[in-house]
Amino acid sequence: DTAVSQTPKYLVTQMGNDKSIKCEQNLGHDTMYWYKQDSKKFLKIMFSYNNKELIINETVPNRFSPKSPDKAHLNLHINSLELGDSAVYFCASSQGRYQPQHFGDGTRLSIL
Amino acid sequence: SQELEQSPQSLIVQEGKNLTINCTSSKTLYGLYWYKQKYGEGLIFLMMLQKGGEEKSHEKITAKLDEKKQQSSLHITASQPSHAGIYLCGSHSIYNQGGKLIFGQGTELSVKP
């Protein structure tokens, strides 16, 4: 049973398109996150939700919009994709904000 | 801003050798996490350290947090090919920013059989 699952695992699309990445966790956690890992493997927080409420919104272009329909899901929608959006996007969850975060396997986004 | 510096950036060791990876912060660490990432996969949680001087072990991996809570080390004893991957240290922001983790740049470990 996968604890944190993301779909799709790979996403190849053209510049200017709109795409979504879905994340679901079955751990019963109340906090979920989106991280971006660039080509140099540097991992950086984008958003965090606690009980469906947005608590972290880093300096991310407003083309990126997270949505949390319930505590177990945090989706990421990206409008007007740009070349610089190519990266691996990781979803994570934790019980509370200061407990270990559990990560999904990542979504590899490639913009042509 | 708070940053974590890992050293070395990459490491190649012969199977059976011991190795150490360091993680240094310019500010006090509040909750230090070690993760391992294999290619094409997510991050696997290894250990969490909170108190100065704390040390934890899991199988052949030992992590320590120094007394000042500004440096952590990860030590692998008798390395095996299964230890290969990218090791990342992460810490909560001292600015109490909703639990976000700040990560080091990672250390890529290769273990030669």
Tell me if the [atom1] atom of [X] is crowded by more than 12 foreign heavy atoms within 6.0 Å.
X       : atom1 : result
B:Glu55 : CD    : yes
B:Lys64 : NZ    : no
B:Ile44 : CD1   : yes
A:Lys67 : NZ    : no
B:Glu54 : CD    : yes
A:Glu53 : CD    : no

Give the cluster check for A:Tyr35 versus A:Ile21: same hydrophobic cluster or not, with ILVMFWY residues linked at side-chain heavy-atom distances below 4.5 Å.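 No, A:Tyr35 and A:Ile21 fall in different hydrophobic clusters.
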With the threshold set at 4.0 Å, does a side-chain nitrogen-carboxylate oxygen contact exist between B:Lys100 and A:Glu58?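 Looking at B:Lys100 and A:Glu58, the cut-off is met.
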Side-chain donor or acceptor of B:Tyr35 paired with backbone N/O of A:Gln101 under 3.5 Å: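 At least one qualifying donor-acceptor pair exists.
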Part of [X] within contact of chain A (heavy atom distance under 4.5 Å):
X        : value
B:Gln37  : side chain
B:Leu101 : both
B:Phe45  : side chain

Report yes if some heavy atom in the side chain of A:Tyr98 is under 4.5 Å from a heavy atom in the side chain of B:Met48; otherwise report no.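 No; the side chains remain at least 4.5 Å from each other.
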Report which part of A:Gln37 has an atom under 4.5 Å of a heavy atom belonging to chain B: side chain, backbone, both, or neither.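 Contact with chain B involves the side chain of A:Gln37 alone.
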For A:Lys44, is it the side chain, the backbone, both, or neither that has a heavy atom closer than 4.5 Å to a heavy atom of chain B?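 Neither part, no heavy atoms under 4.5 Å.
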For each of B:Met47, B:Glu41, B:Lys38, tally heavy-atom pairs with chain A at distances under 4.5 Å, and name the one with the top tally.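 Between B:Met47, B:Glu41, B:Lys38, the count favours B:Glu41.
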Rounded at 0.5 Å granularity, tell me how far CG in B:Leu43 sits from CG in A:Leu43.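 CG of A:Leu43 is found 6.0 Å from CG of B:Leu43.
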